Peer 1: 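Before I ask anything, let me first share the structure, which is written out below as structure tokens.
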Amino acid sequence: MIVLIDMGNSRVKYCTSVQGKLTPINVVDNKEFTCRLFENQFHKSSKVIIASVGDKHLTDALFDWCKANNISYQEISSEKQKNGVVNGYQVPAQLGVDRWLGLLGAAANFANKNVLIVDSGTATTIDFLGADGQHHGGWILSGINTLVTGIIANTSYVKANSNEPVSLSFGANTSENVHNAAWAATVGAVNVGISQIQHQGINLDEVVFTGGNALKLSSLINYQNKVIPELVFHGLQSYI
């Protein structure tokens, strides 16, 4: 049994790969990612593969636990190329590993296709993968919740609820204005990405959403699209 782990800024997602098939994804807060969890969930594993943009203390603790239990440990970092995918960054290691794995996952799911990948979590990232495997770069912007909390934290009189429904309409109060603007800004970025590709005369084959807000964003985009929650794990499978 091989454990695959995707560690973000606030949450850890993990599953296992058994004979090439993924088990359902588990999600815990970073503060719950402790030796107790390792003992309960990973003790039968032969190998742990992790990609992390989170706290190094957590990955160090996992490494030490694996070493003490004779379990193989591998931490993934972004590379210049793998499985026909070519990193578009001038310094490949500077591309976030979650984005790198999203590219590998997209290539595994959509061979020889032009794909726009939208990963919407704490940050929202947008990347374009060409049909030839070349990564043509992308964008990083604040995630939906970060956009909302950012404006509240930096203004004195702007207040917003935490449970506004998803909408692109003009808001009738300040809370709606803040939330709806966050969705509108994010949808606008995705639509501009689609237009950028089309204006280059490129046929965009797929728009893929992943991350915590994937389903909600997907419903707001008029262009045909797919939601693949486990896209990063498909990328992690490239390292088994």
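For the single chain, residues carry numbers from 1 onward in sequence order. Keep in mind it's a predicted model, so treat the numbers as computed, not measured.
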Peer 1: State, yes or no, whether a side-chain contact exists between L168 and V187 at a heavy-atom distance under 4.5 Å.
Peer 2: yes
Peer 1: So that I can tick it off, tell me whether R99 and D127 are bridged by a salt bridge, with the cut-off set at under 4.0 angstrom between side-chain N and carboxylate O.
Peer 2: yes
Peer 1: Is the shortest heavy-atom distance from the side chain of V85 to the side chain of Q81 under 4.5 Å?
Peer 2: no
Peer 1: Rounded to the nearest 0.5 Å, what separates atom OG in S195 from atom CG in N191?
Peer 2: 6.5 Å
Peer 1: Answer yes or no: is there a side-chain heavy-atom contact under 4.5 Å between F33 and I5?
Peer 2: yes
Peer 1: Would the distance check show the side chain of T146 and the main-chain N or O of T122 forming a donor-acceptor pair, the cut-off being under 3.5 Å?
Peer 2: yes
Peer 1: Test of understanding: with salt bridge (charged side-chain N to carboxylate O under 4.0 Å, His left out), list the residues that count as partners of K44, not counting sequence neighbours.
Peer 2: none
Peer 1: Does some side-chain heavy atom of I25 sit less than 4.5 Å from a side-chain heavy atom of E230?
Peer 2: yes
Peer 1: What pairs with E206 under salt bridge (charged side-chain N to carboxylate O under 4.0 Å, His left out), at least two apart in sequence or on another chain?
Peer 2: K226
Peer 1: Listed by chain and number, what are the salt bridge (charged side-chain N to carboxylate O under 4.0 Å, His left out) partners of K82, not counting sequence neighbours?
Peer 2: none
Peer 1: Check step by step if side-chain contact (heavy atoms from CB on, under 4.5 Å) holds for I117 and I126.
Peer 2: CA-CA 6 Å; I117 305 154; I126 300 173; over 6 Å; no
Peer 1: Is there a path of hydrophobic side-chain contacts, each under 4.5 Å between heavy atoms of I, L, V, M, F, W or Y residues, that connects L204 with V190?
Peer 2: yes
Peer 1: T125 side chain to I140 main-chain N or O, any donor-acceptor pair under 3.5 Å?
Peer 2: no
Peer 1: Which pair of heavy atoms, one from Q224 and one from V207, lies closest together, and at what distance?
Peer 2: O-CB, 3.9 Å
Peer 1: How close do D55 and M7 get, counting heavy atoms only, and between which atoms?
Peer 2: O-SD, 4.0 Å
Peer 1: Is a side-chain N or O of Y239 found less than 3.5 angstrom from the main chain of I50, in a donor-acceptor match?
Peer 2: no
Peer 1: Is it the case that more than 12 heavy atoms not belonging to K67 sit under 6.0 Å from its NZ atom?
Peer 2: no
Peer 1: Could you tell me if the side chain of Q196 sits less than 4.5 Å from the side chain of W139, heavy atoms only?
Peer 2: yes
Peer 1: Going through the distances and angles, do I2 and I49 end up as a side-chain contact (heavy atoms from CB on, under 4.5 Å)?
Peer 2: CA-CA 7 Å; I2 298 175; I49 303 175; 4.0 Å; yes
Peer 1: Taking N112's backbone N and O only, do any of them form a donor-acceptor pair with D132's side chain (distance below 3.5 Å, no angle check)?
Peer 2: no
Peer 1: Check for me, please, whether Y73 and Y14 land in the same ILVMFWY cluster - side-chain distances under 4.5 Å, paths through other members count.
Peer 2: yes
Peer 1: Start with the C-alpha distance between F110 and D205, add both sets of side-chain angles, then the distance that settles side-chain contact (heavy atoms from CB on, under 4.5 Å), and finish with yes or no.
Peer 2: CA-CA 9 Å; F110 308 107; D205 299 299; over 6 Å; no
Peer 1: Looking only at atom types and distance, does a side-chain atom of N225 sit under 3.5 Å from a main-chain N or O of V208, one as donor and one as acceptor?
Peer 2: no
Peer 1: Ignoring hydrogens and geometry beyond distance, is a side-chain donor-acceptor pair present between S52 and T59 at under 3.5 Å?
Peer 2: no
Peer 1: Are the side chain of N180 and the backbone N or O of F170 linked by a donor-acceptor pair below 3.5 Å?
Peer 2: no
Peer 1: Is it true that a side-chain atom of D29 and a backbone atom of E32 form a donor plus acceptor pair closer than 3.5 Å?
Peer 2: no
Peer 1: Could you pull out the closest heavy-atom pair between H234 and G105, with the gap in Å?
Peer 2: CB-CA, 3.9 Å
Peer 1: Can you check whether L4 reaches L22 side chain to side chain, under 4.5 Å on heavy atoms?
Peer 2: yes
Peer 1: Who passes side chain to side chain contact (heavy atoms under 4.5 Å, CB included) against E39, sequence neighbours left out?
Peer 2: W65, N69
Peer 1: As a quick check of understanding, evaluate salt bridge (charged side-chain N to carboxylate O under 4.0 Å, His left out) for K13 and D6, giving each step before the final call.
Peer 2: CA-CA 5 Å; K13 294 181 281 188; D6 173 24; 3.8 Å; yes
Peer 1: Kindly give the heavy-atom pair with the smallest separation between F42 and V3, and that separation in Å.
Peer 2: CE2-CG1, 3.6 Å
Peer 1: State which residues pass salt bridge (charged side-chain N to carboxylate O under 4.0 Å, His left out) with D119; sequence neighbours excluded, sorted by chain then number.
Peer 2: none
Peer 1: Is a side-chain donor or acceptor of Q237 paired with a backbone partner of G20 at a separation under 3.5 angstrom?
Peer 2: yes
Peer 1: Sub-3.5 Å donor-acceptor pair from the side chain of H179 to the main-chain atoms of N161, do we have one?
Peer 2: yes
Peer 1: Side chains of K216 and F209, heavy atoms from C-beta outward: is any pair under 4.5 Å?
Peer 2: no
Peer 1: Would you check, one step at a time, whether the test side-chain contact (heavy atoms from CB on, under 4.5 Å) holds for N114 with L129?
Peer 2: CA-CA 6 Å; N114 295 307; L129 177 67; over 6 Å; no
Peer 1: Looking at side-chain heavy atoms only, is the closest gap between T124 and V118 below 4.5 Å?
Peer 2: yes
Peer 1: Using a 4.5 Å cut-off between side-chain heavy atoms of Ile, Leu, Val, Met, Phe, Trp and Tyr, which other residues end up in the same hydrophobic cluster as V158?
Peer 2: V148, I151, I152, V178
Peer 1: Look at the side chain of S78 and the backbone N and O of L95, then say whether any donor-acceptor pair between them is shorter than 3.5 Å.
Peer 2: yes
